[in-house]
Every structure is written in structure tokens, then in C-alpha cells.
Amino acid sequence: MSATLVLLGSASWAYNCPVVIKQAEDTIKKAEAGKVSPETRQLIDEAKKLLAEAKAHHENAKTKRDHGDAVRKAKTAIAYADEAMILQNP
């Protein structure tokens, strides 16, 4: 039973990438729709850079680690965009 769970868990990385990448795209769009200042622009630009890297890791993935890198970078992009939104609304 545990082996099945491990196999299913590792297979989900490949299918999880597009979902997390889409979440990052949506969060960045929301951040861009707000009141963008020079400070928040830097955060949004960093989020976009990480999103591009996440997409590249996913598209060129050959291993589970590549998919893991894609998810990590997309989640980090979400965090940057979230921070930008927080700073836009003091």
C-alpha cells in the first residue's frame, strides 16, 4: 500500500506543474492590476522571471527533480506577487 502511495505521489509532480504555473500567472496578473509602485514593480518582475524559469523547467523536464524545480519556482513566483499585492494595500 505504501509503495502505491509513493508512486502516485511522485507521478503527481508532472501533473501539478501546469496547475501551479497557472496559479502563478493569475497571481501575477492580479498584482499587475493593482497600484504598481517602483518597489512592487521589482517584486512583480522577479515573479515573472521565476515563472518563465518554471515554465522552462516543466517544458524541458526529464526527471522528477525538473518537475520539482518547476513547482518550486512557480510557488516562489506566487509568493513574490503576493508580497507585491500586500505592499500595494497598506
Side-chain angles (χ1 to χ4, degrees):
M1 176 87 171
S2 335
T4 305
L5 292 176
V6 171
L7 289 175
L8 290 175
S10 62
S12 69
W13 279 109
Y15 299 111
N16 197 25
C17 294
V19 172
V20 180
I21 287 171
K22 176 71 171 129
Q23 290 171 343
E25 289 171 338
D26 293 345
T27 307
I28 290 168
K29 284 179 188 173
K30 286 179 188 174
E32 288 181 313
K35 185 178 177 183
V36 179
S37 68
E39 181 181 22
T40 59
R41 172 54 55 203
Q42 290 177 344
L43 294 168
I44 293 168
D45 289 345
E46 184 65 23
K48 286 180 173 181
K49 181 183 115 192
L50 288 167
L51 177 60
E53 291 174 11
K55 287 179 179 181
H57 276 290
H58 174 66
E59 290 168 4
N60 300 315
K62 292 184 171 77
T63 65
K64 288 183 235 176
R65 179 157 187 112
D66 294 332
H67 287 291
D69 287 343
V71 169
R72 178 178 39 81
K73 287 184 184 239
K75 286 183 177 182
T76 305
I78 292 169
Y80 275 107
D82 279 339
E83 183 179 354
M85 287 189 291
I86 289 168
L87 293 173
Q88 289 170 355
N89 301 310

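Both backbone and side-chain heavy atoms feed into the values below; hydrogens, waters and symmetry mates do not. Along the sequence shown, residues are numbered consecutively beginning with 1.
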If you define the side chain from C-beta out and look only at heavy atoms, does anything of [X] sit under 4.5 Å from [Y]?
{"X": "Q42", "Y": "D45", "result": "no"}
{"X": "E25", "Y": "K55", "result": "yes"}
{"X": "H67", "Y": "H58", "result": "yes"}

Gap between atom CD of Q23 and atom CG of N16 - 0.5 Å precision: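 Between N16 CG and Q23 CD, I get 8.0 Å after rounding to 0.5 Å.
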Atom pair CG/CD of L50 and E46 - distance to nearest 0.5 Å: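 Answer for the CG-CD pair, L50 versus E46, is 4.5 Å.
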Partner of I21 by side-chain contact (heavy atoms from CB on, under 4.5 Å), out of L51, V71, I78: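 So the option named by the test is L51.
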Set of residues satisfying side chain to side chain contact (heavy atoms under 4.5 Å, CB included) with respect to E32, sequence neighbours excluded: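 Counting only residues at least two positions away or on another chain, E32 forms a side chain to side chain contact (heavy atoms under 4.5 Å, CB included) with I28, R41, I44, K48.
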Residue list, side chain to side chain contact (heavy atoms under 4.5 Å, CB included) with R65, at least two apart or on another chain: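 Scan of R65 (side chain to side chain contact (heavy atoms under 4.5 Å, CB included), adjacent residues dropped) gives T63, D69.
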Cationic N near anionic O, under 4.0 Å, D26 to K22: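 Yes.
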Residue pair A24 / A74: nearest heavy atoms and the distance that separates them: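 Here A24 and A74 meet closest at CB-O, 3.7 Å.
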Minimum heavy-atom distance T40-A84, with the two atoms named: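 The answer is CG2-O, 3.5 Å.
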Listed once per pair and sorted, the salt bridge (Lys or Arg N to Asp or Glu O under 4.0 Å) pairs that draw on residues 73-90, sequence neighbours left out: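 Passing the test, one end in residues 73-90: E53-K73.
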Within one Ile-Leu-Val-Met-Phe-Trp-Tyr cluster: L87 and Y80, side-chain cutoff 4.5 Å: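 Same cluster.
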